[in-house]
There are 2 protein chains.
Amino acid sequence: MAAVTIQCCAPIAREPLSETDAAELAVLLKAVADPVRLRLLSMIGSHAGGEACVCDLTDAFDLTAPTISHHLKVLRTAGLIDGDRRGTWVYYRIIPEVVNKLGAAFAPLTEPAPNLELTPV
Amino acid sequence: MAAVTIQCCAPIAREPLSETDAAELAVLLKAVADPVRLRLLSMIGSHAGGEACVCDLTDAFDLTAPTISHHLKVLRTAGLIDGDRRGTWVYYRIIPEVVNKLGAAFAPLTEPAPNLELTPV
DNA sequence: TCACTGATTAGAGATATGTCAAATCAGCAT
DNA sequence: ATGCTGATTTGACATATCTCTAATCAGTGA
């Protein structure tokens, strides 16, 4: 490991973000920068089968159906999830390539993060 | 926790985020979900020496000094950066541990990962 | 066709956010 | 002290966001 001065952590912190890259990333981040939408995304992504029914999601919150619908639309518009109707119900699933963009921007690609550890299982 | 069905990508998508975790993460994400603040964070992190003078930052934008100051405050309040005055100038630097939390949430621990697991310590 | 359930859209109201001009604070140097 | 430059705070304004109710759309089944 030659003595390259490693700044710190994320790609974002290794080279100045271009104006357009910043604008693009911000769209994704805005979509995700809300507790309800974070939980929705998380629930959809971790749901068995890789998709979740809106009916399941709505029940998990103290919010009205239209509000959940609104948040799902924000996530969908940002390209983070996609959904389709099957009969009476609508199912949503994550679009991994887009979610990964977030990870790529902030991924600590260097020495193990101070409070995280990669362990064999 | 052995051989759990790996859904797709980020930790966020592997298990439903708790309400408090979501709220906490959202604070960080809100701070970062703005093109100007993304670029500020990026410029600070990638600046030689690991820190950047406000004077340098201000010049890079078509915004007034108070506006830049406001954005820096948002980042600082979220705990992503810290700054101190040295004489006439104020210098900001990234707090890697906090920035890494973003990476940890969305890190695509995919391909080389079938038998690796991200565990908090 | 009509009623019923699940989901989205439309519209409204309260709150939050991004920006600026003006005022203020902090150091430095006449 | 006085003034000068760099940075922050304050106050205001326009816009965006989050939530709700009411209305509408989509499918199913009597």
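Every chain is numbered from 1, with letters handed out A, B, ... down the list of sequences. Scope of the values below: all heavy atoms of this structure, side chains included, with no hydrogens, waters or symmetry mates.
With sequence neighbours excluded, no residue satisfies salt bridge (charged side-chain N to carboxylate O under 4.0 Å, His left out) with E15(B).
Nucleic acid contact class of Y92(A) (heavy atoms, under 4.0 Å, all strands): sugar-phosphate only.
The structure places CD1 of I12(A) at 4.0 Å from CZ of F106(A), a figure rounded to the nearest 0.5 Å.
What separates CG of L40(A) from P of dC18(D) is a distance of 12 Å, to the nearest Å. Here dA7(C) presents its P atom at 11 Å from CD1 of I68(A), a figure rounded to the nearest Å. Here the C1' atom of nucleotide dA26(D) and the CG atom of D84(A) are 14 Å apart, to the nearest Å. The distance from atom OH of Y91(B) to atom P of dT8(D) is 13 Å, rounded to the nearest whole Å. Going from atom CG of L29(A) over to atom C1' of dA16(D) covers 17 Å, rounded to whole Å.
Salt-bridge formation is not detected for the pair D21(B)/R39(A): no Lys NZ or Arg NE/NH1/NH2 atom is positioned less than 4.0 Å from an Asp or Glu carboxylate oxygen.
Looking only at distances, no side-chain donor or acceptor of S69(B) sits under 3.5 Å from a matching main-chain atom of A65(B).
At least one side-chain heavy atom of R86(B) sits less than 4.5 Å from a side-chain heavy atom of Y91(B).
Between K73(B) and dT8(D) there is no side-chain N or O to OP1 or OP2 distance below 4.0 Å.
Of all nucleotides listed (dT8(C), dT8(D), dA7(D)), dA7(D) comes nearest to the side chain of C55(B).
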### Query
What string of B, S and - do you get for nucleotides 17-29 of chain C 5' to 3' if you count protein non-hydrogen atoms under 4.0 Å?
-SBBBB---SSS-
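The hydrophobic clustering, which links ILVMFWY residues whose side-chain heavy atoms are closer than 4.5 Å, places I44(B) and V98(B) together.
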